[in-house]
There are 2 protein chains.
Amino acid sequence: MKQLARTPKDIGHAIREARKGQRLSQAELASRSGLWQETISKIENGVASTKMETLFDVLAALDLEIQVQPRSKGAPSSMEDLF
Amino acid sequence: MKQLARTPKDIGHAIREARKGQRLSQAELASRSGLWQETISKIENGVASTKMETLFDVLAALDLEIQVQPRSKGAPSSMEDLF
DNA sequence: AGTCATTATGATCTTTAGATCATAGAATCG
DNA sequence: CGATTCTATGATCTAAAGATCATAATGACT
């Protein structure tokens, strides 16, 4: 399951999917990553443009990592963002 | 050229490599991404744990994107970080 | 060595993410 | 339906990112 991300919203989205895939509540993820449920909510919804530090905390809690790569041709980030 | 990242430092590193690959100075990258040379320097050195918003500004300026994925087995982030 | 370009660092100020508490809204399920 | 669990939002406060200016350190090149 690889998710492209070009905006904070994309990442929030990817995080939510991963969290659900692992059957975790925001509160659980929060406690695992040393954050608050409210903060997770905001991150997932792209409300606050999180600090990297924080981002990596939740990525680690979900056992995810990030790959930096040249922009791929085709896919414009994520289809849904167009609507 | 794909670069794994599990810490802000990893990302700073990846950014610096990409910037050099494109023969840009920090000042040029800064102006392209609407930031300051000083800020780019700090990001590349992992001094300040950048906001995602800012991060995406520089990624866009370098025509990079990010992929969120499950942690790969082997490679522990980056070899150099161990020393 | 001396010059020019590039990068690092340090200070101050403003803005904002995140903590924290409270609570409103959804969703799920007996 | 009502109860419970999960998620969103709103307020206040504190810590820290980024702008901005100045300048030091480093690197390249002749």
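So you know, we letter chains A, B, ... as the sequences are listed, proteins then strands, and number each from 1.
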Asker: Without decimals, in angstroms, what is the distance between B:Met52 CE and D:dG18 C1'?
Answerer: 17 Å
Asker: If I take atom NE2 from residue A:His13 and atom CG from residue A:Asn45, how far apart are they, to the nearest 0.5 angstrom?
Answerer: 10.5 Å
Asker: If I take atom CD from residue B:Gln69 and atom CD1 from residue B:Ile66, how far apart are they, to the nearest 0.5 angstrom?
Answerer: 11.0 Å
Asker: Once side-chain contact (heavy atoms from CB on, under 4.5 Å) is applied, do any residues pair with B:Gln26, and if so which ones, sequence neighbours excluded?
Answerer: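 So B:Gln26 forms a side-chain contact (heavy atoms from CB on, under 4.5 Å) with B:Arg16, B:Arg19, B:Gln37, B:Ile40, B:Ser41, B:Glu44.
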Asker: Only pairs at least two apart or in different chains count here, so list each salt bridge (Lys or Arg N to Asp or Glu O under 4.0 Å) that has a residue in residues 24-39 of chain A.
Answerer: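 Passing the test, one end in residues 24-39 of chain A: no pairs.
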Asker: Check every atom of D:dT20, C:dA17, D:dA19 against the side chain of B:Lys51 and return the nucleotide holding the closest atom.
Answerer: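 Among the listed nucleotides, the one closest to the side chain of B:Lys51 is C:dA17.
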Asker: What is the separation between atom CD on B:Glu53 and atom P on C:dT16, rounded to the nearest whole Å?
Answerer: 9 Å
Asker: How long is the straight-line distance from CD1 of A:Ile11 back to CG of A:Leu55, given to the nearest 0.5 Å?
Answerer: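 Answer rounded to 0.5 Å: 5.0 Å.
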Asker: How many Å lie between CH2 on A:Trp36 and C1' on D:dC13, as a whole number?
Answerer: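 Atom CH2 in A:Trp36 sits about 14 Å away from atom C1' in D:dC13.
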Asker: What string of B, S and - do you get for nucleotides 25-30 of chain D, 5' to 3', when a contact is any protein heavy atom under 4.0 Å?
Answerer: ------
Asker: Please report, rounded to the nearest Å, how far the C1' atom of C:dA17 is from the CG atom of B:Leu55.
Answerer: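 Whole-Å distance recorded here is 15 Å.
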Asker: Using 0.5 Å steps for rounding, measure from the CG atom of B:Leu4 to the CD atom of B:Gln67.
Answerer: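 Going from the CG atom of B:Leu4 to the CD atom of B:Gln67 covers 10.5 Å.
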Asker: Report, as a single string ordered 5' to 3', how protein heavy atoms within less than 4.0 Å touch nucleotides 4-9 of chain D: B base, S sugar-phosphate only, - not at all.
Answerer: ---BBB
Asker: Salt-bridged, B:Glu65 to A:Arg71, with N to O below 4.0 Å?
Answerer: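 No, no charged N to carboxylate O under 4.0 Å.
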Asker: Under 3.5 Å, is there a donor-acceptor pair linking the side chains of B:Glu17 and B:Gln3?
Answerer: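 No, no side-chain donor-acceptor pair sits under 3.5 Å.
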Asker: Based on the rotation axes of five pairs at each end, what angle does the helix from C:dA1-D:dT30 to C:dG30-D:dC1 bend through, to 10°?
Answerer: 60°
Asker: I need the minimum non-hydrogen distance between A:Ser33 and A:Val58, along with the two atoms involved.
Answerer: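 Heavy-atom minimum between the residues: CB-CA, 4.0 Å.
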Asker: Applying side-chain contact (heavy atoms from CB on, under 4.5 Å), can you list everything that pairs with B:Gln22, at least two apart in sequence or on another chain?
Answerer: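 Expected list: B:Leu24, B:Leu62.
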Asker: By side-chain contact (heavy atoms from CB on, under 4.5 Å), which residues pair with B:Thr54, not counting sequence neighbours?
Answerer: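 side-chain contact (heavy atoms from CB on, under 4.5 Å) check on B:Thr54 returns B:Leu35, B:Ile43, B:Thr50, B:Lys51.
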Asker: Can you give me the N/O atom pairs linking the protein to nucleotides 25-30 of chain C at distances under 3.5 Å, or say none if there are none?
Answerer:
none

Asker: Measuring from atom CH2 of B:Trp36 to atom OG1 of B:Thr39, what distance do you get when rounded to the nearest 0.5 angstrom?
Answerer: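 Rounded to the nearest 0.5 Å, the CH2-OG1 separation comes to 8.0 Å.
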Asker: Hey, could you give me the OG/NZ distance between B:Ser49 and B:Lys9, rounded to the nearest 0.5 Å?
Answerer: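 With rounding to 0.5 Å, OG (B:Ser49) is 11.0 Å from NZ (B:Lys9).
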